[in-house]
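Atoms considered below: every heavy atom in the structure, side chains included; atoms not considered: hydrogens, waters and symmetry mates. Computed from a prediction, not measured in an experiment: that's the story for all the values here.
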Amino acid sequence: MTAKILIIAEHDGSKLNPSTARCVTCACALPEAQITVVVCAAEAAAVAAQVAQLAGVGRVLTLEHPANAHALAAVQAPQVVAIAAPFTHVLGPSTTFGKDLMARVAALLDAPQVSDIMAIESPTRFRRPVYAGNAILTVEASGEGKVVGTVRTASFEAAAGGGSAPIEKAAVEVALPTHTRFVSVSAARSDRPDLQSAARVISGGRALGSAEGFKLLYSLADKLGAAVGASRAAVDAGYAPNEMQVGQTGKIIAPELYVAIGISGAIQHLTGIKDARTIVAINKDSEAPIFEVADIGLVGDLFQIVPEIERLL
Amino acid sequence: MKRILVGIKRVVDYNVRIRVKPDGSGVVTDGVKMSINPFDEIALEEALRIKERGGAEEVVVATIGPAETQQQLRTALAMGADRALHVQADGIVEPLVAARALLKLVEREQPLLVILGKQAIDDDNGQTGQVLAALWNRPQATYASKLELKDGTARVTREVDAGLETLEVDLPAVITTDLRLNEPRYVKLPDIMKAKKKPLETLTLSALGVQQRQQLKVVRFEPPPQRQKGIKVRDAAELVDALKKKGLL
């Protein structure tokens with residue numbers, strides 16, 4: 001059976017989000033995968049050109065419409081559904097973009113959605129984490145009709161470049177709702193690497209004590225070329241913005257190096273870092289659960305240790 | 001009547017250490033503390049605050065699940081919901097089935113707002129709100145951290161990967177809650193007593209005309225792979241050395 005996969009690209013209007021390249025790798029695990037990626041945008045050319053370079057992509061479709069200037073699930077879903085007929089699988093990343101959109105797509109297709117796919121065992125059999133990653137569930141779809149899925153991006157490497165897929169314009173005749181309107185987005189612009197795709201991540205917890213305390217981490221992160229994350233406790237306390245939260249309800253990441261500083265290691269946080277290659281924990285409490293998963297642990301006062309590490313680099 | 005419908009799910013409590021059954025058929029739930037899904041508690045709290053500000057006249061809480069789920073409905077009534085709807089259903093209720101049942105309740109109750117948690121902490125699917133909004137052909141605003149109602153619209157701040165996004169949606173709409181929307185209130189003893197007298201109606205999926213079907217069969221549950229026990233270092237210098245040895249610096 002040939003798997004015909006439609007992947008919904010995530011982008012900001014000009015730049016392709018790295019999550020899409022990870023979806024491509026996931027899709028490549030399906031037998032005889034024929035991969036189409038669709039770019040919904042007001043002007044799709046720039047993003048489509050980036051998608052076309054991903055190895056494994058067979059075709060890029062663009063759906064251009066002024067209403068696609070901002071990604072709104074209620075607006076994108078009917079367009080995706082309108083082109084979905086030939087496909088066996090419809091995939092998107094398990095990011096806030098993909099989670100918001102794909103379930104709406106699944107509903108309109110009357111198809112089951114497999115959330116957070118971490119492995120594909122067959123065209124109908126998938127593995128996914130449940131209970132905050134405390135159990136791994138294997139599910140089987142009937143094989144009739146389509147399967148919609150969100151891809152747990154931390155489980156897949158990004159597809160390589162070097163491809164040259166053809167780009168085609170798609171046209172759909174669907175009424176787009178006007179009941180949902182984009183107002184604004186406030187994103188802290190940072191020169192640091194993107195948290196979700198960074199090779200090195202330095203994260204802080206409530207023990208940092210203040211937003212001021214986080215500056216210690218920013219300084220170390222800049223020296224290491226690392227992204228900065230935070231525990232839920234630190235975000236709730238206002239020390240760091242919500243987009244830095246790592247964990248079950250924040251970002252799920254898989255860096256080469258994860259340094260948890262002043263993070264006790266609640267199970268919901270550990271869910272977000274399970275796939276990190278190497279976990280380093282620095283905490284003054286030697287009993288903190290973070291040490292159970294850390295490859296390298298250091299018990300001590302972070303306010304002394306962190307500046308010292310920086311000096312030693 | 002200006003009404004808010006809140007969906008809740010009974011789940012294994014947030015603090016319980018999850019164990020997979022030896023036969024792989026599920027996780028151990030016998031004798032385990034069960035609670036309202038934390039995100040649903042936030043949904044209910046938000047509905048109650050809207051009502052207390054005069055933005056709604058009635059808060060109706062609904063669940064789809066086995067008979068025991070009524071315990072969580074009573075808790076929701078004690079928190080302040082005006083009445084409860086229990087749709088009796090056994091086995092795994094997939095998001096599409098839950099959303100179809102909720103849609104039937106929406107048609108009956110005509111709420112101006114449906115508020116749900118963004119995901120249940122057991123199956124971590126995170127789909128029901130979006131599926132309901134799609135079937136209902138109404139707006140969705142997921143991962144809400146702030147919600148303001150004004151002149152037939154809702155202005156919703158959403159926690160997205162890039163930061164905070166604000167959407168304006170026409171009502172009625174489906175909102176799903178994120179952690180920082182509010183802090184749910186504690187239930188007081190007199191309220192638990194009062195809740196016993198509040199109306200709780202029991203329905204069934206079949207009476208609502210919703211088919212209980214499972215599109216994704218459970219093959220097996222497994223415990224996650226364990227990480228190997230690591231090493232401890234004594235100071236910053238040893239840590240830097242260890243990282244260099246691993247080729248990480």
>> Please classify the contact of A:Ala135 with chain B as side chain, backbone, both or neither, using a heavy-atom distance under 4.5 Å.
In response: both
> Measuring heavy-atom distances to chain B, does A:Ala106 have an atom under 4.5 Å in its side chain, in its backbone, in both, or in neither?
Replying inline: neither
> Does any N or O in the side chain of B:Gln130 come within less than 3.5 Å of the main-chain N or O of A:Met102, such that one atom is a donor and the other an acceptor?
Replying inline: no
> Checking side-chain contact (heavy atoms from CB on, under 4.5 Å) for the pair A:Val130/B:Phe221: CA distance, chi angles, key distance, verdict?
Replying inline: CA-CA 9 Å; A:Val130 291; B:Phe221 284 80; 3.9 Å; yes
> What closest approach, in Å, do A:Thr180 and B:Leu167 show between heavy atoms, and which atom pair accounts for it?
Replying inline: CG2-CD1, 4.2 Å
> What pair of heavy atoms forms the shortest contact from A:Ala107 to B:Leu135, and how long is it?
Replying inline: O-CD2, 4.1 Å
>> Check whether B:Arg220 reaches the backbone of A:Ile136 with its side chain - one donor and one acceptor, N or O, closer than 3.5 Å.
In response: no
> Under 3.5 Å, is there a donor-acceptor pair linking the side chains of B:Asn125 and A:Gln113?
Replying inline: no
> Taking all non-hydrogen atoms of both residues, which atom of A:Gln245 and which atom of B:Leu179 are closest, and how far apart?
Replying inline: NE2-CD1, 4.1 Å
> Are B:Arg227 and A:Glu292 side-chain neighbours, meaning at least one heavy-atom pair lies under 4.5 Å?
Replying inline: no
>> Working to the nearest 0.5 angstrom, can you tell me the gap between B:Leu249 CG and A:Lys223 NZ?
In response: 11.5 Å
>> Distance check, rounded to the nearest 0.5 Å: A:Phe291 atom CZ versus B:Lys229 atom NZ?
In response: 9.5 Å
> Below 4.0 angstrom, N of the basic side chain to O of the carboxylate: do B:Lys217 and A:Glu140 qualify?
Replying inline: no
> Relative to chain B, which segment of A:Ile267 carries a heavy atom at a distance below 4.5 Å: side chain, backbone, both, or neither?
Replying inline: neither
>> Would you say CD of B:Glu107 has more than 12 non-hydrogen atoms from neighbouring residues, nucleotides or ligands within 6.0 angstrom?
In response: yes
> Most heavy-atom pairs under 4.5 angstrom with chain B, which of A:Gln304, A:Arg127, A:Glu144, A:Arg311?
Replying inline: A:Arg127
> A:Ile296 versus B:Lys246: any side-chain heavy-atom pair under 4.5 Å?
Replying inline: yes
>> Given heavy-atom pairs under 4.5 angstrom as the criterion, report whether the side chain, backbone, both or neither of A:Gln196 touches chain B.
In response: side chain
>> Counting only non-hydrogen atoms closer than 4.5 Å, does A:Lys99 touch chain B with its backbone (N, CA, C, O), its side chain (CB onward), both, or neither?
In response: both
> Going by heavy atoms in the side chains, are A:Asp295 and B:Ile231 under 4.5 Å from each other?
Replying inline: no
> What distance do B:Leu248 atom CG and A:Thr278 atom OG1 have between them, rounded to the nearest 0.5 Å?
Replying inline: 4.5 Å
> Given that the side chain runs from C-beta out, which part of A:Asp236 has a heavy atom under 4.5 Å from chain B: side chain, backbone, both or neither?
Replying inline: both
> Considering only heavy atoms from C-beta outward, does the side chain of A:Thr96 approach that of B:Glu159 to under 4.5 Å?
Replying inline: no
>> Please report the interatomic distance OG(A:Ser184) to CZ(B:Arg155), rounded to the nearest 0.5 Å.
In response: 7.0 Å
>> Distance alone, cut at 3.5 Å: any donor-acceptor contact between the side chains of B:Gln127 and A:Arg104?
In response: no
>> If you compare all heavy atoms of A:Leu298 against all heavy atoms of B:Ala236, which two are closest, and at what distance to 0.1 Å?
In response: CD2-N, 3.9 Å
> If you count heavy-atom pairs under 4.5 Å between each of B:Ala134, B:Pro225, B:Ser145, B:Ala99 and chain A, which one has the most?
Replying inline: B:Ala134
> Quick one: what part of B:Glu222 sits under 4.5 Å from any heavy atom of chain A, side chain, backbone, both or neither?
Replying inline: both
>> Pair B:Thr153, A:Arg181 - check side-chain contact (heavy atoms from CB on, under 4.5 Å), show working.
In response: CA-CA 10 Å; B:Thr153 66; A:Arg181 296 170 292 275; 3.9 Å; yes
>> If you apply the rule side-chain contact (heavy atoms from CB on, under 4.5 Å), what do you find for A:Ile282 with B:Leu239, and how did you get there?
In response: CA-CA 10 Å; A:Ile282 300 169; B:Leu239 173 58; 4.0 Å; yes
> Can you say whether A:Val75 sits under 4.5 Å from chain B via the side chain, the backbone, both, or neither, judging by heavy atoms?
Replying inline: neither
>> Measuring from atom CD1 of A:Ile305 to atom CG of B:Asp235, what distance do you get when rounded to the nearest 0.5 angstrom?
In response: 8.5 Å
> chain B heavy atoms under 4.5 Å from A:Glu310: which part of the residue, side chain, backbone, both or neither?
Replying inline: neither
> Any side-chain heavy atom of B:Asp161 sitting closer than 4.5 Å to one from A:Phe97?
Replying inline: no
> If you round to the nearest 0.5 Å, how far is CD1 of B:Ile121 from OG1 of A:Thr249?
Replying inline: 10.5 Å
>> Among B:Val12, B:Val169, B:Thr166, which residue has the highest count of heavy-atom pairs closer than 4.5 Å to chain A?
In response: B:Thr166
> If we only count heavy atoms from C-beta on, is the B:Leu164 to A:Val185 side-chain gap below 4.5 Å?
Replying inline: no
>> So which atom in B:Asp124 and which in A:Arg128 form the shortest heavy-atom distance, rounded to 0.1 Å?
In response: O-NH2, 3.3 Å
